[in-house]
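I have placed the structure first, in the form of structure tokens, so that the comments after it can refer back to it.
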Amino acid sequence: MTRYTDVAPRDLEPRCREAVAAGARMQFVYAWYPDGSRALDDTQPMEQTPTAELRYIVHAAGEHAPQIWRCRPGAQPVPSLAPIAPLLSWHEREVTDLCGLKFKDQPQPGPKVLLPGAKAARPPLLPGPPAPLTYVREPYILPEIAGAAPDVQLLPFGPVRAGVVESAHFSFYYIGEAILHYHPQLFFKHRGMEKRFEGLPPPLGAVLAERVSGVGSVAHSLAYCQALEAAAQCEVPPRAAWLRVLLAELERLYNHLHYLGHLCHTTTLKVGDAEGHYLEELAKQINCRATGSRFLRSLICPGGLRREPGLEGLAEPLARLRAEFDGYAAMLESSTTHLDRLITTGVLGKQLAFDQGATGPVERASGIDRDPRRDQPYGAYRELPPRVAVRDGCDARARQQVRIEEIEHSIELIGRVLEGLPDGASRAECRPAPGSEGLGWAESPRGSVYYAVHLDARGRLARVKVKSPSFSNWRVFAHTVHGTNMMDYAINEASFGLTIAGCDR
Amino acid sequence: MANKSVPLWTLYGLKQGKATVPWPAGERASQQGFLGMPRFDPGKCAEGCRECVDACLPGAITLQSGGEARLSVDYGRCIVCQLCVEACPTGAFAASSDWAFGARHREDLVWSRAVASADGTALAGEIRRVFGRSLHIRHVDAGSCNGCESELQALGNPLYNLHRLGIFFTPSPRFADLLLVTGPVTYALREPLEAAYAAMPEPRFVMAVGTCAVSGGSNGGGYSCANGLEGLLPVDLYLPGCPPNPAAIIHALLMLVGRMPQRVRGGRIAEGSERA
């Protein structure tokens, strides 16, 4: 069970220091307005602006369930915990941008999820109708260059870039081939997704969660529904729990195949590029035949599944895919021209990966043996513990290896689901009580997704917080670019397998 | 390990054979099982019921008075979530595989008993002469969930192999004939989107791909988004879908250049047109 602890602002730093020293991972922090749902109710006028409450989600080493620290600062200053747990830095700045709550001694002050020059008349996440942002473009926050300044060139790139890619703006300070400093300006795609949940009846939130990060639809709706199921203390029928594992692993499969094709694209391995994307297409067609959606959407709902996927005829194309993949993987792992570009590219050390919050295949390729499916098991992963792929190469090669192995594990897991699938209902009643709350998580193809859900007095959604894996990994990624070279950049970026929609939300 | 990778890959590629499906003959085979826009049958719609209206997140289904039916159904807002099909007690909404929802006029996406628009074939003839064998696209992501990008990227895979149809993505808007927009248009991407459009030579076309770009869908409005291209750019072709599948995107592109007919009229695949 999730443990709740009230923490006074002055106790945050010592507690955090103690937890981090004991190997805990500070997952994220968010703010919500416990009295906010009254603001939505016209019959009760608000005398004053509701006050925000902070929630710190902490995973102690070796513990299954997370701890949640509650902190109601009121008028007291809240210390930034980023100097102790650096990965919290972006989360704190997001709280400042969207909830108006400031942190004392934030090491990197300044807007984060709102672009410089974007102004909100009221904090966007304050309950009530949203006021559109006003925006006058301002320069991005970039370091000053001293010393050999005339030799240093600045390459701005984006937000509209070549090819069919997501929008973001990158600044490279470089001399010749050498990158001195790299700054990704993300959040052009910030759509205010968390705000959109406000006021919705809980079942509709699952449809919205599928549209936060399209290629992570299953993981997002799963984490969302598990948060609601925790709030309602409802038990998902075994059959639905097993089928959810099937969906989550099918999602990992097509994403990882896409990843390998794209990685080959950046190392200019043309046949590998075509083959990876071809296998991804086969996987998406398998998804489509089984669920009606190439992105496995419209099945997961609070309490289980809306309908059963079509399982007949699934095993045979998967076996063919597996056979073709084995040959492809063997080719990738023996192609020296390809491997030469990956080995020692984008090095992310184990300590850095942990401190900055790397998640998913990225952290597992840096030697961190962590996977919520095994370590904080949810749903049917309790009965179907996955094998976890870990490498300590810390480079793009290791990240490829982890993904290749995860594809094999996913296909095995799907096989285990198909063999042992229990009979029975695939949906249970899930009615979270008004005023209840819950936390849910899932391991997406890119790492851990968290949803924190709060319901209002009418049983509608009051606040939904989304922690996406790409938000975590984009923060980490920049550290692997400083001091490298231009030729390796695209390969390094592909080896991280990032999405921007998930990060920007 | 010897450096044997390059020749082996060539052999490997040749051994895989040809994956590309013939077009349009292969379009249906590649999308087996696909759940598209639910079909609306107003004859089955029950008086006093509003189950589907409450289940529709993007507000594509609304009650109306004085229209042809009790409900106004706007497929330009539909995110294909199938909740209306599950909510409807009388079967007025039925699941279908209809995905070829590319339309030249926005009103063609709204359910209507009568076919609303002229089909614009005269215009299409001229477009076909100029662009029918070579169309260059500049894609701009204006805040998508990445689902549409995933399907646009799929157009380059060996199965769809878009190049063989004479259609290419180009990095520079200055070489582009078509601006293909995804996403509901965030406050931060509005200016870059307009700059890309301004940089294109005339004649130029705009295509809204995905329900977000068509109308905002479930992700439009709010504190940081517009409602897709509504009121921002003149749109030549609307393709709702969440996301539209690669076959739907190819159909819409070929339709734009006059190589395929429009299939949707009055919010449904018109009878007599080639079934999707």
Side-chain angles (χ1 to χ4, degrees), chain A residues 115 118 120 124 130-133 135 137 159-160 162-167 187-193 195-196 200 204 207-208 211-215 258 269 271-272 274-275 277-278 280-281 284-285 288-290 292-295 297-298 306 310 327 331 334-338 499-502, chain B residues 1 3-6 8-10 12-13 16 19 30-35 54-55 57 79-83 86 95 139-154 156-160 169 171 183-184 186-189 191-193 196 218-219 222-225 242-243 245:
Chain A
L115 258 57
L133 298 170
Y135 179 55
R137 187 148 56 94
V160 178
V164 178
V165 290
E166 293 189 88
S167 295
F187 303 103
F188 281 84
K189 297 182 62 162
H190 179 63
R191 292 153 285 155
M193 291 307 287
K195 179 78 174 175
R196 294 179 194 283
L200 288 184
L204 282 192
V207 173
L208 195 56
R211 283 151 181 86
V212 173
S213 177
V215 293
H258 172 84
L269 194 64
V271 181
E275 178 73 0
H277 288 113
Y278 174 65
E280 177 202 2
E281 175 66 27
K284 275 180 166 175
Q285 292 189 3
C288 189
R289 283 196 295 271
S293 161
R294 288 161 57 88
F295 297 83
R297 287 175 172 177
S298 311
R306 281 157 60 184
M331 290 287 285
S334 62
S335 294
T336 48
T337 55
H338 178 67
T499 74
I500 296 171
Chain B
M1 172 180 1
N3 186 357
K4 57 184 179 178
S5 56
V6 173
L8 262 185
W9 274 108
T10 309
Y12 180 79
Q16 300 300 84
S30 62
Q31 309 304 323
Q32 245 183 56
F34 191 84
L35 284 175
D54 293 337
L57 177 63
I79 56 171
V80 213
C81 72
Q82 313 296 329
L83 280 179
E86 292 168 27
H139 159 253
V140 174
D141 161 20
S144 72
C145 76
N146 197 24
C148 288
E149 278 65 31
S150 180
E151 295 299 53
L152 288 167
Q153 287 161 358
N157 77 36
L159 206 106
Y160 303 107
F169 286 94
T186 64
Y187 75 94
L189 285 165
E191 191 185 311
L193 172 68
S218 58
N219 292 4
Y223 65 82
S224 78
C225 291
C242 195
N245 67 39

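Residue numbers start from 1 in every chain, and the chains themselves are labelled A, B, ... in the order their sequence lines are given, proteins ahead of strands. We use all heavy atoms of the structure for the numbers below, so side chains are in, but hydrogens, waters and symmetry mates are not.
Considering only residues two or more places apart in sequence or on other chains, B:Q153 meets the side chain to side chain contact (heavy atoms under 4.5 Å, CB included) condition with A:V164, A:H258, B:E149. Remark: A:F188 engages no residue in a ring-ring contact (aromatic ring centres under 6.0 Å, His included) (not counting sequence neighbours).
Ranked by non-hydrogen atom pairs under 4.5 Å with chain A, the options B:L193, B:T186, B:V80 are led by B:T186. Here B:C145 is the residue among B:C145, B:G143, B:P158 with the most heavy-atom pairs under 4.5 Å with chain A. Most heavy-atom pairs under 4.5 Å with chain A: of the set B:A142, B:G183, B:P243, this distinction falls to B:P243. If you tally non-hydrogen atom pairs under 4.5 Å between each of B:A196, B:S30, B:C148, B:A55 and chain A, the highest count goes to B:S30. Among B:G13, B:C81, B:G222, the residue with the largest count of heavy-atom pairs under 4.5 Å with chain A is B:C81. Interface remark: of the candidates A:C288, A:A501, A:G502, A:C288 forms the most heavy-atom pairs closer than 4.5 Å to chain B. Ranked by heavy-atom pairs under 4.5 Å with chain B, the list A:S167, A:A162, A:S298, A:P130 is led by A:S167.
To the nearest 0.5 Å, the span separating OG on A:S213 from CG on B:N146 amounts to 6.0 Å. Here the CG-CG distance, from B:L189 to A:L115, works out to 8.5 Å after rounding to the nearest 0.5 Å. Here the straight-line distance linking atom OH of B:Y223 with atom NZ of A:K195 works out to 8.5 Å at 0.5 Å rounding. Distance check, rounded to the nearest 0.5 Å: OG of B:S144 to CZ of A:R211 gives 13.0 Å.
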Show, in sequence, the C-alpha distance, side-chain angles and deciding distance for B:N219 and A:L208, and conclude whether the side chain to side chain contact (heavy atoms under 4.5 Å, CB included) test is met. CA-CA 8 Å; B:N219 292 4; A:L208 195 56; 3.7 Å; yes

Apply the test side chain to side chain donor-acceptor pair (under 3.5 Å) to residues A:Y278 and B:Q16: give CA-CA distance (whole Å), side-chain angles for both, the deciding distance (0.1 Å), then the verdict. CA-CA 11 Å; A:Y278 174 65; B:Q16 300 300 84; over 6 Å; no

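For A:I500, no part sits under 4.5 Å from any heavy atom of chain B, backbone or side chain. With a 4.5 angstrom heavy-atom cutoff, B:E151 touches chain A via backbone and side-chain atoms both. Residue B:C242 touches chain A through both its backbone and its side chain, counting heavy-atom pairs closer than 4.5 Å. Heavy-atom distances place both the backbone and the side chain of B:I79 under 4.5 Å from chain A. With a 4.5 angstrom heavy-atom cutoff, B:Q82 touches chain A via backbone and side-chain atoms both. Only the side chain of A:R297 comes within contact range of chain B, with heavy atoms under 4.5 Å apart. B:F169 touches chain A through its side chain: at least one heavy atom from C-beta onward sits under 4.5 Å away, while N, CA, C and O do not. Heavy-atom distances place no part of B:A95 under 4.5 Å from chain A, backbone and side chain included. Within the 4.5 angstrom heavy-atom criterion, atoms from both the backbone and the side chain of A:A274 approach chain B.
Taking every heavy atom of both residues into account, B:L57 and A:V207 meet most closely at CD2-CG1, 3.9 Å. Closest heavy-atom contact between B:A154 and A:E281: CB-OE1, 4.0 Å.
If you run side chain to side chain contact (heavy atoms under 4.5 Å, CB included) between B:C225 and each of A:H190, A:R196, A:K189, only A:R196 comes through.
Side-chain contact between A:R294 and B:N245: present, with at least one pair of heavy atoms (C-beta onward) separated by less than 4.5 Å.
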